[in-house]
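Take this structure first; my questions come after.
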Amino acid sequence: MSSIRVRFAPSPTGFFHIGSARTALFNWLYARHTGGTFVLRIEDTDKERNSEEFLNVIYDSLKWLGMNWDEGPGIGGDYGPYRQSERDPIYREYIQKLIDAGRAYEKDGAIWFKLIGERHEAYDDHRKKTVTKVKAAPTEINDLIRGRVERVEDEDFVIVRSDGNPVFHLVNVIDDIAMKITHVIRGEDHLSNTSKHVELFKAFGAPVPHFAHIPLILKQNGPGKMSKRDQGALVEEYQRRGYIPEALVNFLSLLGWNPGDDREKMPVEEIIRLFDLSGVNQSNARFDDKKLAHMNMAYVLALLADDFVARAKAYFTKHNVFAAGAPDEAYLREVLLLSQPKIKGIEDLPAYTAYFFTENYAIDAKVRDKVMSKGDPKTRLQELAGVLKTADFSSDLAIEEAIKTLAAAKGLGFGDYQAVSRLAVSGTNVGPNLTGMFRVMGRERVLSRIERFLAAA
RNA sequence: GUCCCCAUCGUCUAGCCCGGUUAGGACACCACCCUUUCACGGUGAGAACCGGGGUUCGAAUCCCCGUGGGGACGCCA
């Protein structure tokens, strides 16, 4: 194991969103690539807004995406506890060091960090108040993605609230020191905070970690970065919708990073092998759900039969699709496998396969009108029923031969029998390949559906 | 308003560091092919270097200025 230590430090103040997942992913990938340690630390210092529910969402989402942490809640480690709400004694110690060094002072009941430099009063018309400005030397940040960035930190800032709770900037830095974090990989929205953090590291006499500020994910429509309220922003939503987690990981890895060539669909082991901070872009990326959906489809298509069936069944169970009674296991499996090459995602399955499991399937009126308006579909259906009564149902090919033989005898084509029979047995004009559908449904079900359709037509 | 970051097809991006390409790929869109519906797949088309200066024989690539986009400016994280 290398000495590289990275951390993902979410605060459980809302559902886990895609931007956080991407930040976690880049940290995780970097740790795995370098053989380093991936630490999970929970930043729950804002007692007002934290909740256990959100905390569990974070754990679930990380696990679902396959991002296992080496140190953190539930795992332990040499630098715990890993929830900031349990680290108060550590913070007190560090705060005292700052006070003793003359780098912190009390004002209005809060503790402030003291910058070094000459002071003067100035009116800030953005905040509409007079503030004390400090003529401080610029803080230099050497960012692994952005290069050298200079920013002047020119106002003392609160590090412990008047209610006694330390603020983010302080605990974030203390924990990074205490947990020996070597690389801070986080969103670019923190770049402006980094000068505060660097000053704190220096005040503590601690080595400044390497920073890597990754580009933000912008919302798909409209201005600004993606926020929790945006459509498609929540990881749990993809989990609920039966997305393949590996597809989401693959998609996310490509938002702001690329392997340096044209490859896009890659197993995670390959992404780990190729990932490096030097390959991370500097510009923000707009979220594109169509591309994600496409990636997901590619993964669905590539799933091995047993794996696909297991995932599909889990989805059906979770969404209580068979509330009226579970179908035969073997039949369900056949239906699922028949549908796999045709769907874009697991979530399409219930609607796509519904008619396989009920005799009360609706006949699409539009499709019926269209199909029944040309040629002599009723006669075709009667002819087909006649043939199907004795046809060999043991394989798709056998059924296909039977239908083709019939068509040839009547001087017609396969297509003349397809539309109407598909309509009769499924009520629609889309679905898996016809002969496979017949085979899976079985002779009796097909025949009775055709008869019922004929009687109603 | 102040400070910081960024800028190649509609979108994600390669190329930029180290100047010379018909500026490549993917998603989306369109057409055609495959075909037993719908998909998948295949082929093809359209589609970009933000603007202006400079340096240079030559600039997407280096520099400057605009403009545009994003972020930060909390006793939130």
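Order of the sequence lines sets the chain letters (A, B, ...), proteins ahead of strands, with each chain counted from 1.
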Inset, instruction - May I ask you to check whether A:F168 and A:H190 place their ring centers less than 6.0 Å from one another? - result: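 Between A:H190 and A:F168, which both carry aromatic rings, the centre distance is below 6.0 Å.
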Inset, instruction - In whole angstrom, give the distance that lies between atom CG of A:D261 and atom P of B:A26. - result: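 Going from CG in A:D261 over to P in B:A26 covers 13 Å.
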Legend entry - Euclidean distance for P, B:G74 against B:G53 (whole angstrom):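 Pairwise P distance, B:G74 against B:G53, rounds to 41 Å.
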Inset, instruction - Return the residues of residues 415-423 of chain A meeting this criterion: a heavy atom under 4.0 Å from some atom of RNA chain B. Order them by number, or give none. - result: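 Within this stretch, A:Q418, A:R422 sit under 4.0 Å of the strand.
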Legend entry - Phosphate contact (B:G25 OP1 or OP2) by A:K265 side-chain N/O below 4.0 Å: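 For A:K265, the contact criterion (side-chain N or O under 4.0 Å from OP1 or OP2 of B:G25) is not met.
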Legend entry - Spacing of the P atoms in B:A14 and B:C50 (rounded, Å):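 14 Å, rounded to whole Å.
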Inset, instruction - In whole angstrom, give me the gap between the C1' atoms of B:C18 and B:C73. - result: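 It works out to 39 Å between them.
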Legend entry - Watson-Crick or G-U wobble partner of B:C40, both distances under 3.5 Å: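 Check on B:C40: unpaired, no WC or wobble geometry under 3.5 Å.
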Legend entry - Gap in Å between the two P atoms, one belonging to B:C33 and one to B:G70, rounded: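 Here B:C33 and B:G70 have their P atoms 44 Å from each other.
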Inset, instruction - Determine whether more than 12 heavy atoms belonging to other residues, nucleotides or ligands lie under 6.0 Å from atom CZ of A:R263. - result: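 More than 12 within 6.0 Å, yes.
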Legend entry - A:K129 NZ to B:C73 P, straight-line distance once rounded to whole Å: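 So the two atoms are 13 Å apart, to the nearest Å.
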Indicate every side-chain donor-acceptor pair of residues 401-413 of chain A with a distance under 3.5 Å to a residue at least two apart or in another chain.
| unit_1 | atom_1 | unit_2 | atom_2 | d |
| --- | --- | --- | --- | --- |
| A:K404 | NZ | A:E400 | OE2 | 2.8 |
| A:T405 | OG1 | A:E401 | O | 2.7 |

Legend entry - Partner nucleotide of B:C18 by Watson-Crick or wobble geometry (both distances under 3.5 Å):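 For B:C18, the partner nucleotide comes out as none, under the 3.5 Å rule.
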Legend entry - Euclidean distance, atom CG of residue A:L170 to atom C1' of B:A77 [Å, nearest integer]: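 Rounded to the whole Å, the gap is 14 Å.
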Inset, instruction - Taking the six-membered ring of A:F157 (Phe, Tyr or Trp), confirm whether the NZ or CZ of A:K196 is under 6.0 Å from its centre and within 45° of its axis. - result: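 Yes, a cation-pi geometry.
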Inset, instruction - Scan A:I343 against the nucleic acid and name what it touches under 4.0 Å (heavy atoms): base, sugar-phosphate only, or nothing. - result: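 Since no nucleic acid heavy atom lies under 4.0 Å of A:I343, the category is nothing.
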Taking only nitrogen or oxygen atoms into account, show me every contact under 3.5 Å that the protein makes with nucleotides 62-67 of chain B, one pair per line with its distance.
none

Inset, instruction - Would you kindly give the CZ-to-P distance between A:F438 and B:U37, to the nearest whole Å? - result: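 Roughly 14 Å, once rounded to whole Å.
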Inset, instruction - Could you pull out all residues at least two apart from A:E52 that satisfy side chain to side chain donor-acceptor pair (under 3.5 Å)? - result: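 Expected list: A:R83.
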Legend entry - Of residues 274-296 of chain A, the positions that come close to RNA chain B - non-hydrogen atoms, cut-off under 4.0 Å: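 Within this stretch, A:N281, A:Q282, A:S283, A:N284, A:A285, A:R286, A:D288, A:K290, A:K291, A:H294 sit under 4.0 Å of the strand.
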Inset, instruction - Kindly check if the number of other-residue, nucleotide or ligand heavy atoms within 6.0 Å of NZ (A:K370) is above 12? - result: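 It does not: A:K370 NZ has 12 such atoms or fewer within range.
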Legend entry - Distance in angstrom units between A:N433 CG and B:C40 C1', rounded: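 Checked: the CG to C1' distance equals 13 Å.
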Legend entry - Length of the line joining A:L338:CG and B:U36:P, which is rounded to integer Å: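 Computing the A:L338:CG to B:U36:P distance gives 17 Å.
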Inset, instruction - Can you sort out the partners of A:E150 under side chain to side chain donor-acceptor pair (under 3.5 Å), two or more places apart, ordered by chain and number? - result: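 If we apply the side chain to side chain donor-acceptor pair (under 3.5 Å) test to A:E150, skipping adjacent residues, the hits are A:R148.
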Inset, instruction - Just call it for A:P10: base, sugar-phosphate, or nothing, with non-hydrogen atoms closer than 4.0 Å on any strand. - result: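 Counting heavy atoms under 4.0 Å across all strands, no contact is made by A:P10.
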Inset, instruction - Check every strand shown and say whether A:S11 touches a base, only sugar-phosphate, or nothing at a heavy-atom separation below 4.0 Å. - result: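 Sugar-phosphate: the residue A:S11, judged by heavy atoms under 4.0 Å, touches backbone atoms but no base.
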Legend entry - Toward the 5' end of RNA chain B, by each residue's nearest nucleotide, A:G260 or A:A9: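 Upstream on the strand: A:G260.
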Inset, instruction - For B:C9 and B:G15, measure between their C1' atoms and round to the nearest Å. - result: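 So the two C1' atoms sit 14 Å from each other.
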Legend entry - Nearest-angstrom distance from the residue atom CD of A:Q220 to P of B:G69: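 After rounding, the gap between these two atoms is 19 Å.
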Inset, instruction - Using heavy atoms to find the nearest nucleotide of RNA chain B for A:L216 and A:V430 separately, return the residue whose nucleotide is more 5′. - result: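 Looking at the nearest nucleotide for each, A:V430 comes out on the 5' side.
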Legend entry - Ring-face cation contact, A:Y299 with A:K265, 6.0 Å cut, 45° max: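 Pair A:K265/A:Y299 counts as cation-pi.
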Inset, instruction - Could you please name the option among B:A14, B:G25, B:G71 that lies closest to any side-chain atom of A:S192? - result: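 So the nucleotide nearest the side chain must be B:G71.
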Inset, instruction - Could you give the distance separating B:C62 and B:C4 at their C1' atoms, to the nearest angstrom? - result: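 Looking at atom C1' only, B:C4 and B:C62 are 23 Å apart.
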Inset, instruction - Decide, yes or no, whether a salt bridge links A:E246 with A:R311 under the criterion of side-chain N to carboxylate O below 4.0 Å. - result: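 Judged by the 4.0 Å cut-off on N to carboxylate O distance, A:E246 and A:R311 do form a salt bridge.
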Legend entry - Within residues 342-352 of chain A or reaching into it, pairs that qualify as side-chain hydrogen bond (donor to acceptor under 3.5 Å, both in side chains) - sequence neighbours excluded: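 Output for this query lists A:R241-A:E347.
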Legend entry - Contacting residues from residues 141-152 of chain A, given that a heavy atom lies under 4.0 angstrom of RNA chain B: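 The stretch gives A:R146, A:V149, A:E150, A:R151 as the residues lying under 4.0 Å from the strand, ordered by number.
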Inset, instruction - Hunt down the Watson-Crick or G-U wobble partner of B:C27, both distances under 3.5 Å, from any strand shown, or write none. - result: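 Because both required distances fall under 3.5 Å, B:C27 counts as paired with B:G10.
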Legend entry - Pair partner, B:C34 [Watson-Crick or wobble, under 3.5 Å]: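 Result: none.
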Inset, instruction - Only counting residues at least two apart or in another chain, list the ones meeting salt bridge (Lys or Arg N to Asp or Glu O under 4.0 Å) with A:R7. - result: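 Checked A:R7 against salt bridge (Lys or Arg N to Asp or Glu O under 4.0 Å); matches are A:D176.
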Inset, instruction - Mind checking side chain to side chain donor-acceptor pair (under 3.5 Å) for A:R445 and listing every partner two or more places apart, or none if nothing turns up? - result: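 Applying side chain to side chain donor-acceptor pair (under 3.5 Å) to A:R445 gives none.
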Inset, instruction - For A:T45, answer base if it contacts any base atom (sugar-phosphate contacts may also be present), sugar-phosphate if it contacts only those atoms, and nothing otherwise; contact means non-hydrogen atoms under 4.0 Å. - result: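 Here A:T45 touches the backbone only, sparing every base.
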Inset, instruction - Using a heavy-atom cut-off of under 4.0 Å over every strand shown, decide if A:E264 touches base, sugar-phosphate, or nothing. - result: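 Base: the residue A:E264, judged by heavy atoms under 4.0 Å, touches a nucleobase.
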Legend entry - Distance between P atoms of B:U55 and B:G46 (Å, rounded):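 The answer is 36 Å between these two P atoms.
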Legend entry - A:G232 backbone acceptor or donor facing A:Y238 side chain under 3.5 Å: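 Present.
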Inset, instruction - Classify the side chain of A:K342 versus the base of B:U37 as yes if they form a donor-acceptor pair under 3.5 Å and no if they do not. - result: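 Donor-acceptor pair under 3.5 Å: yes.
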Legend entry - Nucleotide paired to B:U2 in any strand shown, Watson-Crick or G-U, under 3.5 Å: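 By the stated definition (distances under 3.5 Å), B:A72 pairs with B:U2.
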Legend entry - A:E199 and A:T139: side chain donor to acceptor below 3.5 Å: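 Checked: A:E199/A:T139 side chains pair up, N/O donor to acceptor below 3.5 Å.
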Inset, instruction - Identify whether NZ of Lys or CZ of Arg in A:R22 sits under 6.0 Å from the centre of the six-membered ring of A:F26 and within 45° of that ring's axis. - result: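 Yes, A:R22 lies over the aromatic ring of A:F26.
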Inset, instruction - Quote, to the nearest angstrom, the P distance that separates B:G68 from B:A23. - result: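 It comes out at 30 Å once rounded to the nearest Å.
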Legend entry - With A:D392 via side chain to side chain donor-acceptor pair (under 3.5 Å) - residues at least two apart: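 Per chain and number, A:D392 pairs via side chain to side chain donor-acceptor pair (under 3.5 Å) with A:S394.
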Inset, instruction - Scan residues 247-257 of chain A for pairs that pass salt bridge (charged side-chain N to carboxylate O under 4.0 Å, His left out), counting only residues two or more places apart or in two chains. - result: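 Residue pairs passing salt bridge (charged side-chain N to carboxylate O under 4.0 Å, His left out), neighbours aside: none found.
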Legend entry - Whole-Å distance separating the CG atom of A:D262 from the P atom of B:C27: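 My rounded result for the distance is 12 Å.
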